[in-house]
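Only one structure is covered here, and it is reproduced in the block below.
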Amino acid sequence: IDTPMNRPFLMVYSGREGRTGASDAIYRRAAKPYIRVDVADTLHNDFSDMVLWGGPLAGRPIFGKRPATESIAVARQVVREFFDQELRGRRSSLLAGQTTLPGVRVVAPAR
């Protein structure tokens, strides 16, 4: 926690009302750059394959209101753009906060 990573870091948060991003200060200090993305109408488990399992999980309040396929598509795009930017040198206008996806907010844009 006290040693800078000097590496890019992406954090994708579920877009819950009142979420403050408690670790933002640590990530900003440690990572260069730190990019934070909030995805509306999701909860923590929406960013896993659990959204596709169905069965008894479907009736539990562990998923957000966003359709599973949409949550997966958003996560894939955000992660793909992060890797393309940081590993391939292709600047992402989404991660820079210049373009948007519905319900996706870049809180700490890439600089």
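Because the structure is predicted, anything quoted here is derived from the model rather than measured.
- Residues Ala75 and Phe47 approach most closely at CB-CD2, 4.1 Å, considering heavy atoms.
- By the 4.5 Å heavy-atom criterion applied to side chains, Asn45 and Val51 are not counted as neighbours.
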Checklist entry - Checking side-chain contact (heavy atoms from CB on, under 4.5 Å) for the pair Arg36/Tyr13: CA distance, chi angles, key distance, verdict? => result CA-CA 7 Å; Arg36 174 182 165 181; Tyr13 279 107; 3.2 Å; yes
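- Atoms OG and CD1, on Ser48 and Ile62 in that order, are 7.5 Å from each other to the nearest 0.5 Å.
- Among all heavy-atom pairs drawn from Ala31 and Met5, the shortest one is CB-CE, 3.5 Å.
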Checklist entry - For Val37 and Met11, what are the C-alpha separation, side-chain angles and deciding distance, and is it a side-chain contact (heavy atoms from CB on, under 4.5 Å)? => result CA-CA 6 Å; Val37 176; Met11 178 60 75; over 6 Å; no
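- Here the shortest heavy-atom pairing between Asp46 and Asp41 reads OD2-O, 4.5 Å.
- A side-chain donor-acceptor contact under 3.5 Å links Arg66 to the backbone of Ala40.
- Cluster membership check: Val78 does not share its hydrophobic cluster with Val107, using side-chain heavy-atom separations under 4.5 Å among Ile, Leu, Val, Met, Phe, Trp and Tyr.
- To the nearest 0.5 Å, atoms CZ (Phe9) and OH (Tyr34) are separated by 7.0 Å.
- Separating the CZ atom in Arg88 from the CZ atom in Arg80 is a distance of 10.0 Å, to the nearest 0.5 Å.
- Pro33 is listed as a side-chain neighbour of Glu86, based on a closest heavy-atom distance under 4.5 Å.
- Closest of all the heavy-atom pairs between Pro4 and Arg29 is CB-O, 4.4 Å.
- Between Leu52 and Ala68 the shortest heavy-atom distance is CD2-CB, 4.3 Å.
- Hydrophobic clustering (side-chain heavy atoms under 4.5 Å, transitive across Ile, Leu, Val, Met, Phe, Trp, Tyr) groups Phe83 together with Leu10.
- Environment of NZ in Lys32: crowded, with over 12 heavy atoms of neighbouring residues, nucleotides or ligands closer than 6.0 Å.
- Across all their heavy atoms, Phe63 and Met50 have their closest contact at CZ-O, 3.5 Å.
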For residues 92-101, run the donor-acceptor check on the side chains, cut-off 3.5 Å, and write out each pair with its distance to 0.1 Å, sequence neighbours left out.
unit_1: Ser92; atom_1: OG; unit_2: Glu81; atom_2: OE1; d: 2.4
unit_1: Ser92; atom_1: OG; unit_2: Leu94; atom_2: N; d: 3.3
unit_1: Ser92; atom_1: OG; unit_2: Leu95; atom_2: N; d: 3.0
unit_1: Ser93; atom_1: OG; unit_2: Thr99; atom_2: OG1; d: 3.2
unit_1: Gln98; atom_1: OE1; unit_2: Arg91; atom_2: NH1; d: 3.1
unit_1: Gln98; atom_1: OE1; unit_2: Arg91; atom_2: NH2; d: 3.2
unit_1: Thr99; atom_1: OG1; unit_2: Leu94; atom_2: N; d: 3.2

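- Leu43 and Val74 fall into different hydrophobic clusters, defined by Ile, Leu, Val, Met, Phe, Trp and Tyr side-chain heavy atoms under 4.5 Å apart, directly or through other members.
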